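Accompanying notes for the structure given below.
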Amino acid sequence: MLVVRLSGADRTVRLHAIDAPEAGTREAIAATAKLAHLVRGRRVRLVYDEPTGRIADRYGRLLASVRVDGRDVGEAMLAAGAVSRWQGK
């Protein structure tokens with residue numbers, strides 16, 4: 001997950017179609033470090049899943065693809081092996 005400032009408020013973003021490791025595990029710590037490396041101090045662009053029209057999950061987190069300098073952060077995390085693709089549960 002990622003926290004962004006949106007319209008003056010901090011909002012939590014869940015990367016669309018990404019399954020992150022369980023919190024508190026070594027894998028989660030590594031994934032968090034990778035995400036921070038990709039986005040820290042950079043302007044991000046949120047791209048919402050238009051076909052479903054859902055912009056938030058049941059916990060109120062925004063569901064979006066995150067782009068930095070045109071690069072999809074979720075895809076970069078997948079390529080690095082830090083996360084897996086969400087298979088739908």
Side-chain angles (χ1 to χ4, degrees):
M1 284 185 290
L2 173 68
V3 177
V4 299
R5 174 140 324 244
L6 186 64
S7 300
D10 287 344
R11 296 292 307 266
T12 302
V13 179
R14 183 172 186 269
L15 298 178
H16 175 71
I18 297 297
D19 190 13
E22 292 299 316
T25 64
R26 278 192 332 256
E27 293 85 1
I29 293 166
T32 299
K34 180 66 177 173
L35 180 60
H37 173 75
L38 291 168
V39 302
R40 183 171 284 136
R42 296 182 172 95
R43 183 176 295 265
V44 300
R45 179 174 170 240
L46 303 180
V47 180
Y48 300 100
D49 184 26
E50 292 181 29
T52 65
R54 287 185 59 203
I55 64 166
D57 67 8
R58 63 184 173 180
Y59 304 106
R61 301 175 296 195
L62 297 176
L63 292 172
S65 294
V66 177
R67 297 188 179 276
V68 173
D69 298 328
R71 183 176 185 197
D72 186 304
V73 171
E75 292 297 322
M77 299 277 291
L78 284 165
V83 296
S84 57
R85 193 169 301 282
W86 184 68
Q87 300 297 317
K89 295 175 183 164

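Predicted, not measured: the structure shown is a model, and the values here were computed from it.
Side chains of L38 and V68 form no contact here, defined as non-hydrogen atoms less than 4.5 Å apart. Between L78 and I18 the shortest side-chain heavy-atom distance falls below 4.5 Å.
Linking ILVMFWY residues whenever their side-chain heavy atoms come closer than 4.5 Å, directly or via other members, places L6 and L35 in the same cluster. No single ILVMFWY cluster, assembled from side-chain heavy atoms under 4.5 Å apart, contains both L63 and V66.
The minimum heavy-atom distance between A28 and E22, with the atom names listed, is CB-O, 3.1 Å. G74 approaches L15 most closely through the heavy-atom pair CA-CD1, 4.3 Å. For the residue pair R42 and H37, the shortest heavy atom distance occurs at NH1-O, 3.0 Å. Nearest heavy-atom pair across A31 and V83 is CB-CG1, 4.4 Å.
Between atom CG of residue L46 and atom CD1 of residue I55 there is a gap of 10.0 Å, rounded to the nearest 0.5 Å. Considering OG1 of T12 and CZ of R61, their distance stands at 8.0 Å, rounded to 0.5 Å. The line from NE2 of H16 to OH of Y48 is 13.0 Å long, rounded to the nearest 0.5 Å. Of the inter-residue distances, the one linking L62 atom CG with D57 atom CG reads 8.5 Å to the nearest 0.5 angstrom.
Taking a cutoff of 4.0 Å between a charged side-chain nitrogen and a carboxylate oxygen, R85 and E75 qualify as a salt bridge.
Side chain of R71 to main chain of R67: no donor-acceptor pair is present (N/O by atom type, distance under 3.5 Å, no hydrogens or angles).
The number of heavy-atom neighbours closer than 6.0 Å to CG of D10, taken from other residues, nucleotides and ligands shown, is above 12.
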